[in-house]
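For clarity, every value in this text was computed on a predicted model and none was experimentally measured.
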Amino acid sequence: MSDSNRTDFTNPSTFILLGIPGLEAAHIWISIPFCAMYAIAVLGNFTILFIVKTEPSLHGPMYYFLCMLAVTDLVMSTSTVPKMLSIFWFNSREIDFSACLTQMYFVHSFSTMESGMLVAMAFDRYVAICNPLRYSTILTNSAVVKIGLAVLLRSGILTLPYPFLVRRWPYCRTNIIPHFYCAHIAVVKLACADIRINSYYGLFNLFSVIGMDVFFIAVSYTLILRAIFRLPTKDARLKTFGTCISHLCAISALYIPDLFSSLMQRFGHNVPLHFLILITIVYQLVPPMLHPIIYGVRTKQIRDRLLQLFIHKEP
């Protein structure tokens, strides 16, 4: 049998991203809410960065962590959404192999970084509520820098094997990725090789990061809630409890879709692919959109400063 009709993708120069397979006819309509969510996320996170930078009274640990989270959200969402919109609007499906690996690294790395920043912010709230008298001595500027570097190094090191493992495999079936970005598991499924090491490492990464981070967040908020119920007045308890609940909702919006999507892509063979991809888009857009609102606008100091930008007081 002739091999003339067989295309060799052992070293593909480009991949083809399909967007959302099965929903190609609705790409334009689907893009509208996701584009709006991305615009809100970009505007909200840049606003947080601007306000903290221009207001000296906000130069403290809590707001430094918030800025780190804002930068993380901006990078993570911008790593995928512009390409996704170019697929939906202009049918621009090609992505260079090296660009694909770079996108993969940034998405997975900053996703891990976002999780680490939520742990850091939970620790910040724990110290502020449970040990307020020691807050300034525990969370010094030096401590904040060390925590930020630790989160950065952890995410960078844990994600580093992904592009190296993907690059080493031969691709002899197709170069068509049934996704809107170069997700690790979506790319390695195209390889003509035993990819169990990729799958095992991906699961290890997923459970070690989410498992460890969720544990520390749960411990922090359990101690916080215990301290809340010891507050002397009902109004103080309700106010602080409402803030914690909103934080926990933001945390759940990150972890639940991420865990569900990752597990279903590996084991959910009967789950429609377009449903999994829509869950992934929500996971990548909802937290960056919610964080400026929950951690920023709901914070009195930032809200007051934001109002000052739009409301000019009479002399």
statement: Correct closest heavy-atom pair for M113 and L152 would be CE-CD1, 3.3 Å
Chi angles and distances behind the side-chain hydrogen bond (donor to acceptor under 3.5 Å, both in side chains) call for S109, Y162: CA-CA 10 Å; S109 177; Y162 284 155; over 6 Å; no
query: Are I32 and F90 connected in a single hydrophobic cluster, I mean Ile/Leu/Val/Met/Phe/Trp/Tyr linked by side-chain heavy atoms less than 4.5 Å apart?
result: no
query: Are Y171 and F15 an aromatic pair by the rule of ring centers under 6.0 Å?
result: yes
- prompt: Same hydrophobic cluster for L74 and F50, using side-chain heavy-atom links shorter than 4.5 Å among ILVMFWY?
  reply: yes
query: Shortest non-hydrogen contact from N198 to V188?
result: ND2-CG1, 3.3 Å
query: For the side chain of R93 and the backbone of L18, is there at least one donor-acceptor N/O pair under 3.5 Å apart?
result: yes
message: Same cluster or not: F164 versus Y201, using hydrophobic residues (I, L, V, M, F, W, Y) connected whenever any side-chain heavy atoms lie under 4.5 Å apart?
response: yes
query: If we only count heavy atoms from C-beta on, is the L66 to L58 side-chain gap below 4.5 Å?
result: no
- prompt: Please walk me through it: do L139 and F123 pass side chain to side chain contact (heavy atoms under 4.5 Å, CB included)?
  reply: CA-CA 10 Å; L139 284 170; F123 176 68; 3.9 Å; yes
task: Could you tell me the separation between the CG atom of N131 and the OG1 atom of T137, rounded to the nearest 0.5 Å?
output: 9.0 Å
- prompt: Angle class for the H108/Y181 ring planes (parallel below 30°, perpendicular above 60°, tilted otherwise)?
  reply: tilted
message: Under a 3.5 Å distance rule, please check whether S199 uses its side chain to pair with a backbone N or O of R196 as donor and acceptor.
response: no
query: With no hydrogens and no angle check, is any side-chain donor or acceptor of T47 less than 3.5 Å from a backbone partner on L43?
result: yes
field: Under 3.5 Å donor-acceptor, Y105 side chain and G156 backbone
entry: yes
message: Looking at L69, is its backbone amide N or carbonyl O close enough to the side chain of E114 to form a donor-acceptor pair, meaning the two atoms are under 3.5 Å apart?
response: no
- request: For the pair F106 and F110, name the ring-plane relationship: parallel under 30°, tilted 30 to 60°, perpendicular over 60°.
  value: parallel
message: A quick test of your reading: do over 12 heavy atoms of other residues, nucleotides or ligands sit less than 6.0 Å from OH of Y135?
response: yes
message: If you compare all heavy atoms of T80 against all heavy atoms of Q103, which two are closest, and at what distance to 0.1 Å?
response: CA-NE2, 4.0 Å
query: Among all residues two or more places apart in sequence or in another chain, which pass the disulfide (SG to SG under 2.5 Å) test with C100?
result: C182
query: Counting only N and O atoms by type, is there a donor-acceptor contact under 3.5 Å from the side chain of N45 to the main-chain atoms of A41?
result: yes
task: Please answer whether the main-chain N or O of I177 pairs with a side-chain N or O of K189 as donor and acceptor at a distance below 3.5 Å.
output: no
